[in-house]
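Chain letters run A, B, ... following the sequence lines, proteins first, then strands; residues in each count from 1.
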There are 2 protein chains.
Amino acid sequence: MTIKEVAEKFNMTNDTLRYYEKVGLIGPVKKNSSGIRDYSDNDLRRIEFIKCMRSAGISIEVLKKYVDLYEKGDSTKLERQHLLEEEQEKLEEKIKTMTDALDKLKYKIELYKTDKLDKYL
Amino acid sequence: MTIKEVAEKFNMTNDTLRYYEKVGLIGPVKKNSSGIRDYSDNDLRRIEFIKCMRSAGISIEVLKKYVDLYEKGDSTKLERQHLLEEEQEKLEEKIKTMTDALDKLKYKIELYKTDKLDKYL
DNA sequence: ATAGCATTTAGAGTCTAGTCTAAGTCAATA
DNA sequence: TATTGACTTAGACTAGACTCTAAATGCTAT
């Protein structure tokens, strides 16, 4: 699969794909005889995972750490699990924070709708 | 209330408070005779709102727009309501995205815990 | 009244995560 | 064969949101 196809499939830019490869989140992707990337199924699986985690706000730094551990083999399984568990906690907290904000936002909108808005921002 | 007290109360830095003031999210905050900020209750209310919305990822640009509309008076009520409704939608989508990622993360952790991990990242 | 810490300003610097540019290579088409 | 368009690289640039610096001034305790 070419970079263009992958980019379209996952709705991201060629640049981002090359950037992820440069920082080591994926690849190095195999290149054909004339130096053009040809993404494998395995590459696609990784990109999907990375994209999903990024969309949840997990930093590239953390994802890189996870990938590096994976590359080191089975001996890092427990460490990887712990890393993911930490990110799970952070993510749960973030979702809670956002849900709280959403509730406040909804409440404020309700005040607007019912014209009960006070004088404050 | 001094800038330090406010910063502590909301767990943010003096710099961030001055920055928010500079870009017009709050204030201008009243200063005492020797030029030192003295935050009013109203300032605190705003800061709390801004902080809550920022923690949900709403951009400074959008918040600034909301504040500016507020400053223009009652005639902007409907526009403000619409702005908030848009942010509500965006926020709901973001929470959904993050919840989906969280589910995948939990599933992956479960694979680690039960040692059913396949060969992929 | 002098030390030592907090506050002020303007403006520069930092960090993250891309995004863009320039210069070059390649394959397919007019 | 010349052009077009996609791809390549290294490296510069950007946006957003702070965060830090320097130099000046103010407050408090000794």
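- The side chain of B:N14 places an N or O atom within less than 4.0 Å of a non-bridging phosphate oxygen (OP1 or OP2) of C:dT7.
- Taking every heavy atom of both residues into account, A:T16 and A:M12 meet most closely at CG2-CE, 3.8 Å.
- In B:E71, the CD atom is crowded: over 12 heavy atoms of neighbouring residues, nucleotides or ligands sit closer than 6.0 Å.
- When each of C:dT8, C:dT16, D:dA17 is scored by its nearest atom to the side-chain atoms of B:I60, the top-ranked nucleotide is D:dA17.
- Between A:T16 and C:dT19 there is a side-chain polar atom (N or O) within less than 4.0 angstrom of OP1 or OP2.
- For B:S34 and C:dT7, the shortest distance from a side-chain N or O to OP1 or OP2 is not below 4.0 Å.
- Atom CG of A:L17 and atom P of C:dC20 are 15 Å apart (whole Å).
- Between the CD1 atom of A:I36 and the P atom of D:dT9 there is a distance of 10 Å, given to the nearest Å.
- Rounded to an integer number of Å, the gap from CG of B:N32 to P of C:dT7 is 11 Å.
- The residue B:R37 sits close only to the backbone: its heavy atoms come under 4.0 Å of sugar-phosphate atoms, none of a base.
- Between the NZ atom of A:K64 and the C1' atom of C:dA17 there is a distance of 16 Å, given to the nearest Å.
- Take the nearest nucleotide of DNA chain D for B:D15 and for B:E61: the residue whose nucleotide is more 5' is B:E61.
- Residues B:I3 and B:Y39 form a side-chain contact, since some pair of their non-hydrogen atoms from C-beta on lies under 4.5 Å apart.
- Taking 4.0 angstrom as the limit, A:R18 places none of its side-chain polar atoms (N or O) nearer than this to OP1 or OP2 of C:dT19.
- Between A:Y20 and the phosphate of C:dG18, there is a side-chain N or O to OP1/OP2 separation shorter than 4.0 Å.
- Residues B:K22 and B:K4 each lie close to DNA chain C; by heavy-atom proximity, the contact nearer the 5' end of the strand is made by B:K4.
- A:L121 and B:Y66 get closest at one heavy-atom pair: O-OH, 2.9 Å.
- For B:K31, no side-chain nitrogen or oxygen approaches OP1 or OP2 of D:dT25 to under 4.0 Å.
- The interatomic distance linking B:Y19 (OH) with D:dA15 (C1') rounds to 10 Å, in whole Å.
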